[in-house]
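Below is one structure, written out as structure tokens, with a few remarks after it.
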Amino acid sequence: MRSPSAFTGDYPEIREAVAQLCADFPGDYWRALDQERAYPTEFVQALTEAGYLSVLIPEQYGGAGLPLGAACAILEEIQRAGCNGGACHAQMYTMGTLLRHGSEQQKQRYLPAIASGELRLQAFGVTEPGSGTDTTRIRTRAERDGDHYVINGSKVWISRTEHSDLMVLLVRTAPRDAGAKPSDGMSVLLVDLREAVGQGLTIKPTRTMMNHATTELFFDDLRVPAENLVGEEGRGFRYILDGMNAERILIAAECIGDARYFVDRASSYAGDREVFGRPIGENQGVQFPIARAHVQTEAAAAIVQEAARRFDAGDDCGAQANMSKLLASEAAWAAGDTCIQTYGGFGFAEEYDIERKFRETRLYQVAPISTNLILSYVATHELGLPRSY
Ligand SMILES: Cc1cc2nc3c(=O)[nH]c(=O)nc-3n(C[C@H](O)[C@H](O)[C@H](O)COP(=O)(O)OP(=O)(O)OC[C@H]3O[C@@H](n4cnc5c(N)ncnc54)[C@H](O)[C@@H]3O)c2cc1C
């Protein structure tokens with residue numbers, strides 16, 4: 001099923017090893033989970049034990065200390081193999097908030113355990129029902145009470161909370177209009193979910209069109225130790241923004257994996273399936289859309305690679321991170337659409353996995369940031385156009 005250029009991108013050894021691991025989790029594994037909307041515990045365990053989820057943690061804290069490009073290669077191969085990294089990709093990068101802004105004591109306490117997989121930090125609580133993409137309007141608030149913060153409010157679309165020990169949570173510690181800017185007055189707290197659930201935190205799963213362990217959270221006087229504040233009170237919005245480029249580039253890499261999966265599957269099927277006495281792939285009406293999807297995918301992949309390169313070099317990469325996420329998510333969707341068309345009726349049958357992957361990859365035009373908001377970023381930051389909001 002793989003093209004001749006398999007494993008010749010960056011990090012070929014890592015790619016090959018990830019593909020081998022993924023071969024133990026074929027389509028029927030994912031289909032069974034999809035039916036039940038169940039979590040891929042064994043898959044995540046295998047990735048954890050192989051060390052793939054801790055590659056971005058520096059060696060001094062027990063990780064592999066690899067560049068973002070290596071993490072991109074891992075996630076891309078997971079998706080290309082037909083698996084779903086959405087179950088655990090956040091274990092790779094959520095720790096970045098702690099790494100960049102936490103105290104040395106917090107880093108020593110948590111990062112080695114995250115690196116070993118003993119602690120799962122893969123929940124990231126920002127979105128709220130009333131705020132939408134306008135994060136400055138979050139209303140979940142944390143009030144200081146002695147050596148604790150007391151949290152009240154709610155969050156929506158917070159993924160993997162039921163499969164995480166810790167959560168990075170964005171709260172308001174001062175009203176929106178109290179600071180010089182609306183983004184002032186927000187803070188980041190590290191919440192220990194093992195202690196919080198049932199003690200002021202209620203988690204309610206949200207069933208979605210694809211198997212994605214996402215939830216609503218309700219905070220009712222949840223007490224969190226003040227020592228769990230990450231960085232300075234009131235500066236949390238900046239800390240969250242700091243992690244967004246890495247997240248966008250990694251998710252773009254996943255989309256490239258999805259797109260290549262669809263192109264691989266479509267090419268293979270078009271070569272095998274015979275209708276009117278010849279392979280359907282002999283018809284240019286069938287082969288051109290697949291070729292176009294491939295071209296679109298490779299163009300997007302080049303920008304993802306450039307974004308990761310700039311990130312790893314410490315260069316400004318906001319534009320590339322955003323553009324790569326937009327292009328890769330659209331390439332994956334277009335490739336999925338072409339793949340379904342190539343399969344004809346069989347594209348809709350669950351047993352072929354195409355429809356499942358098609359549902360899964362649709363998310364990335366909306367989350368973690370929607371296409372319109374990326375276009376808005378490019379228009380204002382790159383082209384100097386006036387802000388629309
Ligand atoms: C399955 C899933 C998992 C998620 N996981 C997490 C998670 O773990 N943690 C977390 O914090 N969040 C998570 N999210 C939330 C996700 O980041 C948001 O859904 C996403 O950022 C879009 O925000 P919204 O849904 O509030 O849309 P809204 O902000 O309500 O926007 C709705 C639509 O309007 C458009 N729009 C809004 N404003 C403008 C404008 N000014 N100009 C042009 N268009 C505009 C948007 O592009 C979008 O298409 C998840 C979401 C989903 C669906």
Side-chain angles (χ1 to χ4, degrees), residues 34 37 39 84-97 120-140 151 153-164 166-172 182 186-191 193 201 203-219 236-237 239-248 250-252 254-255 258 321-322 325-326 329-330 333 356 358-381 383 385-389:
D34 188 60
R37 293 294 189 270
Y39 190 73
N84 188 359
C88 52
H89 53 205
Q91 177 79 1
M92 274 185 171
Y93 56 76
T94 309
M95 64 81 207
T97 307
R120 297 164 304 169
L121 170 52
Q122 52 173 355
F124 180 67
V126 173
T127 310
E128 295 189 6
S131 64
T133 315
D134 185 358
T135 304
T136 67
R137 295 196 186 272
I138 64 162
R139 293 167 67 173
T140 297
I151 305 176
S154 65
K155 297 274 173 187
V156 69
W157 301 122
I158 310 307
S159 303
R160 300 164 296 272
T161 47
E162 295 171 298
H163 308 281
S164 195
L166 302 169
M167 169 170 64
V168 164
L169 180 70
L170 188 69
V171 291
R172 274 231 162 259
M186 286 186 268
S187 304
V188 169
L189 291 170
L190 198 59
V191 176
L193 293 163
L201 172 62
I203 300 179
K204 187 169 164 248
T206 304
R207 201 177 155 95
T208 55
M209 72 185 229
M210 66 291 170
N211 185 14
H212 196 100
T214 196
T215 64
E216 272 182 281
L217 305 180
F218 301 94
F219 301 91
F237 186 70
Y239 303 159
I240 296 295
L241 279 187
D242 277 356
M244 284 182 172
N245 286 337
E247 183 184 47
R248 283 171 203 179
L250 288 168
I251 287 183
E254 289 191 312
C255 293
D258 282 342
N322 278 288
K325 201 286 226 167
L326 183 151
S329 63
E330 291 185 347
W333 179 246
R356 172 179 62 80
F358 188 64
R359 285 184 279 119
E360 288 171 0
T361 209
R362 183 62 179 84
L363 174 64
Y364 299 120
Q365 289 177 73
V366 171
I369 183 77
S370 60
T371 300
N372 272 2
L373 271 292
I374 290 180
L375 291 172
S376 173
Y377 174 93
V378 172
T380 54
H381 288 77
L383 307 179
L385 290 166
R387 282 178 71 101
S388 60
Y389 57 89

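Ligands are counted one by one from 1 in listed order, and the atoms in each one are counted from 1 as well.
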Open item on the list: Return the closest protein heavy atom for atom 48 (C) of ligand 1 as residue, atom name and distance.
Closed with: Ser370 OG, 4.0 Å
- [ ] Report the part of Trp157 in contact with ligand 1, treating N, CA, C, O as backbone and CB onward as side chain, heavy atoms under 4.0 Å; options are side chain, backbone, both, neither.
- [x] both
Task: Protein residue, atom and distance nearest to atom 38 (N) of ligand 1, heavy-atom basis - done: Leu373 CD2, 4.0 Å
- [ ] Check for a donor-acceptor pair, side chain of Lys325 on one end and backbone N or O of Ile369 on the other, with a separation under 3.5 Å.
- [x] yes
Open item on the list: I need the contact type for Arg362 against ligand 1. Using non-hydrogen atoms and a strict under-4.0 Å cut-off, is it side chain, backbone, both or neither?
Closed with: neither
- [ ] Taking all non-hydrogen atoms of both residues into account, name the closest pair between Gly86 and Asn84 and its distance.
- [x] N-OD1, 2.9 Å
Open item on the list: In this structure, is the centre-to-centre distance between the rings of Trp333 and Tyr364 below 6.0 Å?
Closed with: no
Task: atom 44 (N) of ligand 1: nearest protein contact (heavy atom, Å) - done: Asn372 ND2, 3.0 Å
Open item on the list: As an exercise, identify every atom of ligand 1 less than 4.0 angstrom from a heavy atom of Ile158.
Closed with: 7 (C), 8 (O), 9 (N), 10 (C), 11 (O)
TODO: Could you point out which residue of Val191, Val126, Ile240, Leu189 forms a side chain to side chain contact (heavy atoms under 4.5 Å, CB included) with Val168?
DONE: Ile240
TODO: Provide, to 0.1 Å, the distance between atom 20 (C) of ligand 1 and the closest protein heavy atom, together with that atom's residue and name.
DONE: Val366 O, 3.5 Å
Task: Glu128 (side chain) donor-acceptor with Val156 (main chain) under 3.5 angstrom - done: no
TODO: Between Leu363 and ligand 1, find which residue part has any heavy-atom pair under 4.0 Å and reply side chain, backbone, both or neither.
DONE: side chain
Open item on the list: For Tyr377 and His381, take the angle between the two ring planes, folded into 0 to 90°, and tell me which bin it lands in: parallel under 30, tilted 30 to 60, perpendicular over 60.
Closed with: parallel
Open item on the list: Yes or no: does Lys155 have any heavy atom under 4.0 Å from an atom of ligand 1?
Closed with: no
Task: N or O pair under 3.5 Å between Thr133 and ligand 1 - done: yes
TODO: Using a strict 4.0 Å cut-off to heavy atoms of Val126, name the atoms of ligand 1 that fall inside it.
DONE: 11 (O)
TODO: Kindly identify the option in Gly125, Ser159, Gly132 whose heavy atom sits closest to atom 5 (N) of ligand 1.
DONE: Ser159
TODO: Kindly give the heavy-atom pair with the smallest separation between Arg172 and Ile138, and that separation in Å.
DONE: CG-O, 3.5 Å
- [ ] Report yes or no: does a heavy atom of Pro368 sit under 4.0 Å from some atom of ligand 1?
- [x] yes
